[in-house]
Amino acid sequence: MLFEIFDPKAAPKPIGIDLGTTNSLVACVRNEKPVAIADCNGEILLPSVVSYAGDEVVVGTPALALAQEHPRETIVSVKRFMGRGADDPETRRLGPYEFDDTPSDVNTVRFRVRGKTKTPVEVSADILRELKTRADDELGRAGGAVITVPAYFDDAQRQATKDAARLAGLDVLRLINEPTAAALAYGLQTKKNGTFAVYDLGGGTFDVTVLLLEDGVFQVKSTGGDSQLGGDDMDRAIGGEVLEQLGWLAAGIAKPHSLTKHPKWTPAVVRLVLDQARQMKHVLTEKDAVEAEVPLPDGGSRTVRLTRARFDELVTPLLERTGVACKRALKDAGLAASALDGVILVGGATRVPAVRAYVKKLFGKEPLADVDPDQVVALGAAVQADLLAGQGRADEVLLLDVTPLSLGIEVGGGVVDKILPRNTTIPTAARGTYTTQEDNQTGFEIHVVQGEREMVSDCRSLARFTLKGIPRLPAGLARLEVTFRVDADGLLAVHARETTTGIEQTVAVKPTYGLDDATVERMLTEALDFGEEDLTKRRVAEGRVEAQRIMLATRKSLDADSDLLESGERAAIESATSTLEAACKGEDPRKIQNGIDDLDRATKGFAGRRMNRAISRAIGGRKVDDVGHEVAHAKGIEHAHDTWQK
Ligand code: ADP
Ligand code: MG
């Protein structure tokens with residue numbers, strides 16, 4: 001009997017996709033259990049490699065084979081490029097690729113392959129298309145997809161992932177964080193409460209996440225990791241050991257680039273040694289020792305032997321690096337390792353026994369490893385897809401994640417006012433209220449920034465827009481409410497509203513390029529290192545703004561009501577003003593504050609008399625005519641996605 005495999009009328013089945021740096025895979029729920037979907041050869045993991053070397057796009061294992069011969073046309077680890085701008089210098093170090101640098105409207109990295117250009121979104125879409133085909137074949141028709149992203153992925157990276165899915169013809173139900181997906185695969189949502197750490201060691205990245213489960217709701221409490229640490233480093237360590245045994249390398253962990261300096265060690269030979277090393281690593285997961293035939297540059301080969309004990313020694317420094325990140329994530333979450341209810345292992349490299357032993361020692365408990373660590377993320381995504389697609393069950397699991405870095409806006413003096421602090425659970429909304437700094441300001445420039453530092457210049461600019469059409473008002477009278485809303489996918493929308501007039505505007509923030517976790521890490525470290533210095537800078541900047549405001553107001557009132565001055569008062573005020581002016585030129589926040597206080601005291605009596613006069617005028621029905629000159633504060637950079645609501 002024959003069956004029609006692809007049936008357009010069949011009910012579409014929800015799927016979960018782990019779009020990994022090294023490997024990707026797709027899963028679904030069958031008979032209430034999540035299962036990974038294999039290709040026609042029975043392979044579950046699809047290497048995240050796409051080759052454009054030939055006339056047809058090649059994805060997965062066959063593409064991996066092409067990488068040696070066509071390194072520039074074969075894109076590996078495209079995930080590292082997601083959401084990055086064309087001008088991001090970091091991208092040049094991520095591979096041997098050729099880039100298209102001609103100006104373009106869209107600020108994205110573009111690979112140049114055989115005269116054509118490909119963006120990371122398009123390359124990822126090719127991987128996703130392959131997985132979709134696999135799911136269509138297996139299920140008749142793949143339905144909505146839940147796709148996983150690292151917890152630290154920022155707006156641009158999440159948006160890029162969504163775009164790739166759309167391009168591949170997938171209907172995205174939701175993006176969820178990889179560690180949260182892993183927790184779902186273990187069914188942890190059925191427990192009511194608990195705290196869990198997710199330790200994810202993949203091919204080239206390490207991520208650790210602390211999850212809190214409260215009343216059946218997940219929250220990501222903190223994230224950490226190392227974007228340049230994974231199973232590939234173990235391969236290099238073994239490769240170095242092998243070459244040392246062969247007498248080819250003096251000492252230490254192999255640096256593949258230095259190997260290629262030997263005239264006979266061509267990149268292809270080095271690649272072969274590393275492939276061999278990876279196979280040896282896999283064998284050592286099961287056995288206590290491994291022997292392998294290593295190709296020699298002269299065409300011959302030699303047998304090398306590696307014990308698990310030696311391998312364990314080789315990976316110790318790598319494991320210790322993961323330990324540093326774990327301790328930091330625990331500290332960020334405000335937890336001791338002993339407070340955790342469980343530790344989940346994710347990523348192929350956590351199969352290595354030394355990794356399991358290290359994690360057990362680090363956290364003081366046996367980690368959860370029953371679910372295949374290669375598949376656990378995709379399986380959890382399938383569980384979530386099933387819940388979202390199922391009727392009436394959609395909010396059985398409410399997923400909450402966190403903002404990886406603080407979000408705020410620029411206020412006077414180039415200072416950042418944080419609206420949403422780092423590690424705030426999402427979806428979330430928070431509001432800040434501001435006022436005008438100058439008279440008759442008709443526009444507010446809203447500059448959205450991300451980062452931990454106190455000064456705007458040390459943070460990352462996400463977007464700028466101008467709220468216009470505010471009626472002329474004296475400084476301090478307009479009231480601006482800025483609301484930040486981060487949705488379940490981690491995407492930020494900024495809403496600004498001037499409350500006296502009701503003028504408002506909403507902007508979906510699409511930053512021009514992405515942040516990787518290394519940058520996040522650097523920004524965090526800098527924030528710690530510069531903490532004190534930053535705070536002083538901030539106080540000086542704020543002090544200067546306040547001083548300018550007071551001096552301007554004083555000058556205006558002296559002009560307007562000089563007849564109210566008592567003898568000696570003008571001299572005292574002028575002297576306090578010039579002391580404050582001098583303090584503002586310096587860098588001592590205390591001097592500025594003292595100057596402000598002194599000027600305040602010097603003007604106190606005068607201000608009281610002015611107030612009385614204003615009141616009696618108001619009672620007499622007369623108004624203070626306060627028309628000054630227009631001060632344009634708005635720098636007028638408009639955001640392409642601005643929409644006026646009123
Ligand atoms: P990613 O999340 O980066 O896409 P994976 O979770 O698929 O990566 O992990 C890939 C890594 O896991 C590779 O370095 C691979 O060699 C390693 N790995 C896979 N299986 C084993 C095993 N049996 N023993 C040791 N390492 C393994
Ligand atoms: Mg992974």
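Whatever order the structure lists them in is the order used to number ligands and atoms, beginning at 1.
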- Query: Gly230 near ligand 1, heavy-atom distance under 4.0 Å?
  - Reply: no
- Any idea which protein heavy atom is nearest atom 25 (C) of ligand 1, and the distance to it? Thr285 OG1, 3.3 Å
- Pick from Lys281, Met234, Arg278: the one approaching atom 14 (O) of ligand 1 most closely through a non-hydrogen atom: Lys281
- Query: Which class fits the ring pair Phe81 and Phe99: parallel under 30°, tilted 30 to 60°, perpendicular over 60°?
  - Reply: tilted
- Option whose closest heavy atom lies nearest to atom 12 (O) of ligand 1, chosen from Pro373, Ala349, Gly347: Ala349
- Query: Hey, are the side chains of Arg84 and Leu94 touching, using non-hydrogen atoms and a 4.5 Å cut-off?
  - Reply: yes
- Any donor-acceptor pair under 3.5 Å from Asp136 side chain to Ala142 backbone: yes
- atom 22 (C) of ligand 1: the protein heavy-atom neighbour that sits closest, reported with distance to 0.1 Å: Arg351 CD, 3.3 Å
- If you have a sec, work out which protein heavy atom is nearest atom 10 (C) of ligand 1 and how many Å separate them, to one decimal? Gly203 N, 3.6 Å
- Are the charged groups of Lys79 and Glu178 less than 4.0 angstrom apart, N to O? yes
- Nearest heavy atom to atom 9 (O) of ligand 1: which of Gly204, Gly20, Gly231, Gly348 does it belong to? Gly348
- Do Asp341 and Leu188 come close enough that some side-chain heavy atom pair is under 4.5 Å? no
